[in-house]
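Worksheet for the structure shown next.
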Amino acid sequence: MNGVMIRHLVTKDWELHRVPTAAAMATGLLALAMLLWSDTRLVFYVGSVLLITVVITVGIYLAFLSVVHERTQGMLPFVMSLPIGTREYTMSKIVSNGVLFLIPWTVLGFGAAAVILVRDSVPDGLLPYATLLMFHMLTGYVLALAAALITGSEGWTIAVAGVTNLALQGFMFWTSNLPDVAATINGPLPVWTSSIRWLIAAELVAVVAILAIVWSWQVRRTDFT
Amino acid sequence: MTHLAVHLQGVHKRYPHFALEDVSLEVPTGTILGFIGANGAGKSTTLRILMGLVSHDRGHVEMLGHPIPDGAIAAKTQVGFVSEDMKLFPGATLDWHMRFVAKVFGGWDAGYAAELVRRFDLRADQKIKGLSHGQRVKAALLLALARRPRLLILDEPTTGLDPVARHEVLGALTAAVQDEERTVLFSSQNTLDVEQIADRIAFIDRGRIVDADDKERYLERWRRLRLTLPDAAGQTTLPSAVAVTATGRIATLVTDRHSDELLAACRATGATVQSVDRMTLEEIFVASVMARREEVAA
């Protein structure tokens with residue numbers, strides 16, 4: 001693999017998508033501010049929804065704009081006219097999307113953790129659950145990226161992103177009602193129960209597995225238009 | 001130094017509703033080859049196979065001495081590719097694109113790029129989404145030309161351009177091959193463009209190469225003869241005809257083997273040669289494609 005070319009392509013995506021990603025992150029910071037200084041449940045609820053929405057939206061935006069749009073709008077032939085092959089292209093997309101998503105994901109994730117720990121009215125026991133949700137959204141994003149890279153199709157990417165986000169509601173309901181989670185979520189201290197630990201580990205394994213599938217699929221591709 | 005910049009031998013590629021069959025094509029270094037075909041004839045597929053964007057099912061493909069697709073990355077360091085459906089990033093400026101391509105290609109010629117910006121009447125600080133179709137094509141061509149590639153592969157570069165833009169693009173292409181080591185392979189349905197700048201020609205139709213030759217030789221061997229036959233049945237005895245149409249004793253014969261011997265053979269049948277007309281490339285293209293289709297149908 002040509003590391004120099006991958007760096008050029010990652011830089012290209014960074015330059016093209018950093019402003020919208022930064023704008024989304026700014027919206028996420030606004031959501032954090034709402035969470036931090038809210039004095040009513042309504043504002044806290046709106047801030048929570050906004051924060052989750054921003055993380056999901058950044059993921060969909062990146063998968064859609066940097067992969068699907070590049071293909072459907074005809075920029076892919078320009079990219080593929082450069083001295084690269086499918087390996088360089090795929091690796092650059094994984095790295096650039098990873099960087100562009102993980103920056104807001106990390107900042108907003110740590111911001112949410114800080115809000116939980118700083119605000120007295122929010123139980124610290126919420127921290128493991130919130131962390132689990134952040135990892136679940138990471139998995140959802142990687143799934144949408146996988147759909148974008150493998151199919152290059154607007155329809156499939158929207159479908160996968162839609163199903164993943166709908167599933168988030170079910171996931172939140174299911175995990176918050178797990179006995180050990182439900183017993184500690186409103187507690188004064190964060191408790192990393194076995195369910196939380198196993199689920200976070202499962203999310204990480206899923207992320208690695210999805211990326212491995214994407215990689216093996218892409219390097220076998222013979223038609224790249 | 002490789003004598004052939006492009007070499008395809010017996011290339012096959014099958015899709016559900018289309019197939020390239022036994023495509024063989026040679027483009028000698030330093031030539032401009034015009035690749036002519038109707039819509040859906042297989043021009044783009046052939047060029048995409050060359051660029052390693054589509055893999056062929058069978059056959060041998062070589063570009064600048066590199067086997068394709070295995071050597072496509074190495075070959076593409078010396079190739080400029082522009083296709084009709086290729087778009088640049090709409091939210092970025094031409095200047096951003098030039099800086100990006102310059103980083104990728106060591107041979108980027110900034111002075112030449114600046115000259116092309118002027119010649120093509122472009123503005124480097126303008127975003128691509130603000131450019132007209134013709135300007136976008138010229139911008140893409142600029143990005144390909146200024147990297148000073150040994151081989152330029154252009155898929156329908158003049159489609160949809162106004163006459164002035166077409167003139168500018170064709171002029172830039174002609175200038176690009178002043179260096180005799182530089183080669184251009186460009187596809188088009190516009191035979192006028194090809195006639196203007198190509199020195200070799202290949203016709204493709206329904207996934208098969210119909211004919212390929214030096215342009216001048218091509219134009220020399222094709223003629224339209226207007227004959228007066230000795231009787232209405234005389235057309236059946238005419239020699240070397242790609243196509244013959246007759247109304248009564250007046251016949252028109254199209255041949256791809258024009259020579260004095262042919263004229264003598266016509267006269268030997270009792271026919272009187274009224275005129276011998278040169279044919280345009282478009283007329284030749286249509287005649288050869290129709291003849292091939294009739295041959296296949298028979």
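Letters A, B, ... mirror the listed sequences (proteins, then strands); counts begin at 1. Just so you know, these numbers come straight off a predicted model, no measurement behind them.
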For this session: Select one option (side chain, backbone, both, neither) describing which atoms of A:V4 are under 4.5 Å from chain B's heavy atoms.
Result: neither
Problem set entry | Over 12 non-hydrogen atoms of neighbours within 6.0 angstrom of CH2 in A:W215 | yes
Exercise. Does atom CZ of B:F18 have more than 12 heavy-atom neighbours from other groups under 6.0 Å away?
Worked result: yes
For this session: Pull out the residues in residues 77-91 of chain B that come under 4.5 Å of chain A, heavy atom to heavy atom, sorted by number.
Result: B:T77, B:F81, B:S83, B:D85, B:M86, B:K87, B:L88, B:F89, B:P90
For this session: Would you please test B:F100 and A:T11 for side chain to side chain contact (heavy atoms under 4.5 Å, CB included) and show each step?
Result: CA-CA 9 Å; B:F100 173 61; A:T11 307; over 6 Å; no
Exercise. Has A:F110 got more than 12 heavy atoms of other residues, nucleotides or ligands less than 6.0 Å from its CZ?
Worked result: no
Problem set entry | Atom group of B:H56 that falls short of 4.5 Å from chain A, counting heavy atoms | neither
Exercise. Quick one: NZ on A:K12 to CZ on B:R99, what's the gap to the nearest 0.5 Å?
Worked result: 14.5 Å
For this session: Indicate yes or no for a side-chain donor-acceptor contact from B:K103 to the backbone of A:M5 under 3.5 Å, with no hydrogens or angles considered.
Result: no
Exercise. When you look at B:K76 and A:S81, which way does the side chain to side chain contact (heavy atoms under 4.5 Å, CB included) test go after all the steps?
Worked result: CA-CA 7 Å; B:K76 284 196 284 186; A:S81 74; 5.6 Å; no
Seminar exercise, completed: Turns out that what part of B:I153 lies under 4.5 Å from chain A's heavy atoms comes down to neither
Problem set entry | Contact summary for A:G85 and B:I73, nearest pair of heavy atoms | N-CD1, 3.5 Å
Problem set entry | Side chain, backbone, both or neither of A:L16 within contact of chain B (heavy atoms, under 4.5 Å) | side chain
